Amino acid sequence: MSKLIQGVHHIALKPTAEQYSSVVELYTKVLGMEVTKSWGDPNMPCLMVSCGDNSCLEIIPEKEMSQKGGALNHLALATDKVDEAIARVREAGYEIAIEPNDMELAGSPIRIAFFWGPMNEYIELFWEK
């Protein structure tokens, strides 16, 4: 039987427009992390940057930094059992923000769902099919 959660898929940062280029420069040029996917606005795209293992750092530009969550947008946990995991989360009484659904991310089919954790952290369940 495989584990429900296989690891961290990505951690999403939300820099402001003013912070965006510095954040991208730090992770890609200074630390040498490779951009594996990009989408959205060509001037300030959303980026997936490889952490060197099976996890990524997602950089999602924001117009303004929101108070809730600070620099962290969300934590994405890797699972090929999104529906089973969200059922367990629901049964445990946590608030489901986005029900499981299929979509495409930069040409890759994915299945995702979001919920709020006990510290009001925003958690994504992420399966890259």
Side-chain angles (χ1 to χ4, degrees):
M1 182 165 126
S2 67
K3 294 180 183 178
L4 185 62
I5 301 299
Q6 288 96 32
V8 172
H9 183 275
H10 65 269
I11 297 170
L13 300 177
K14 56 179 180 181
T16 63
E18 293 78 24
Q19 297 167 328
Y20 178 80
S21 59
S22 296
V23 169
V24 172
E25 183 176 325
L26 170 65
Y27 291 103
T28 62
K29 293 190 168 93
V30 175
L31 296 176
M33 297 164 72
E34 178 186 354
V35 174
T36 58
K37 294 183 193 291
S38 70
W39 65 96
D41 183 345
N43 296 317
M44 271 196 309
C46 295
L47 301 174
M48 279 287 192
V49 181
S50 174
C51 292
D53 55 8
N54 290 328
S55 65
C56 295
L57 184 65
E58 183 177 26
I59 301 171
I60 305 171
E62 296 278 330
K63 299 227 186 280
E64 290 181 26
M65 184 69 73
S66 67
Q67 294 300 316
K68 189 173 181 177
L72 182 65
N73 183 288
H74 64 272
L75 168 65
L77 300 174
T79 181
D80 59 359
K81 297 178 175 87
V82 173
D83 296 82
E84 180 182 339
I86 211 72
R88 288 186 185 189
V89 167
R90 186 186 322 282
E91 186 176 305
Y94 292 101
E95 179 186 351
I96 308 306
I98 298 176
E99 293 291 339
N101 65 88
D102 294 317
M103 54 192 332
E104 191 174 290
L105 175 67
S108 298
I110 62 172
R111 183 160 184 81
I112 62 170
F114 284 84
F115 67 96
W116 294 102
M119 298 182 306
N120 214 21
E121 69 273 32
Y122 201 39
I123 302 167
E124 178 180 18
L125 299 168
F126 190 99
W127 176 28
E128 190 164 358
K129 298 179 176 185

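When a residue number appears, it is its place in the shown sequence, counting from 1. Every value quoted in this text rests on a predicted model; they were computed, and no experiment measured them.
A87 is linked by a side chain to side chain contact (heavy atoms under 4.5 Å, CB included) to nothing, counting only residues two or more places apart in sequence or in another chain. Taking the ring pair (Phe, Tyr, Trp, His ring centres under 6.0 Å) definition, one finds that Y20 meets it with nothing, sequence neighbours left out. By the salt bridge (Lys or Arg N to Asp or Glu O under 4.0 Å) test, D102 is found to be paired with R111, K129, residues two or more places apart in sequence or in another chain being considered. By the side chain to side chain contact (heavy atoms under 4.5 Å, CB included) test, S108 pairs with K37, E128, sequence neighbours left out. The ring pair (Phe, Tyr, Trp, His ring centres under 6.0 Å) search around H9 returns F126, not counting sequence neighbours.
Of all the heavy atoms in A85 and L125, the pair that sits closest is CB-CD1, 3.6 Å. For the pair W116 and A97, the tightest heavy-atom approach, listed with the atom from each and the gap, is NE1-CB, 3.7 Å. Summarising the geometry of P45 relative to P42, their closest heavy-atom pair is CD-O, 3.7 Å, with the distance given to 0.1 Å. Nearest heavy-atom pair, R90 versus E99, reported as atom, atom and distance to 0.1 Å: NH2-OE1, 2.7 Å.
Inter-residue side-chain proximity for Y122 and I98 is flagged as met; some heavy-atom pair is nearer than 4.5 Å. A heavy-atom distance below 4.5 Å is not found between the side chains of S38 and C46.
Once rounded to the nearest 0.5 Å, the distance linking CG of L47 with CD1 of I60 reads 10.0 Å. Atom CD1 in I11 sits 9.5 Å away from atom CG in L77 (nearest 0.5 Å). The distance from atom CD of E62 to atom CD of Q19, rounded to the nearest 0.5 Å, is 10.5 Å. Annotation: the span from M44 atom CE to I59 atom CD1 amounts to 12.0 Å, rounded to 0.5 Å. Once rounded to the nearest 0.5 Å, the distance linking CD1 of I86 with OG1 of T79 reads 10.0 Å. Between the CD1 atom in I5 and the CZ atom in R88 there is a gap of 9.0 Å [rounded to 0.5 Å].
Within a 6.0 Å sphere centred on CD of E91, heavy atoms belonging to other residues, nucleotides or ligands number 12 at most.
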Scan the side chains in residues 23-35 for donor-acceptor partners under 3.5 Å anywhere in the protein, sequence neighbours excluded, and list what turns up.
| from | atom 1 | to | atom 2 | distance (Å) |
| --- | --- | --- | --- | --- |
| T28 | OG1 | V24 | O | 2.6 |

N54 vs Q6, side chain to side chain contact (heavy atoms under 4.5 Å, CB included): CA-CA, chis, key distance, verdict: CA-CA 10 Å; N54 290 328; Q6 288 96 32; over 6 Å; no
Test log, rule side chain to side chain contact (heavy atoms under 4.5 Å, CB included), inputs L13 and N73: CA-CA 5 Å; L13 300 177; N73 183 288; over 6 Å; no
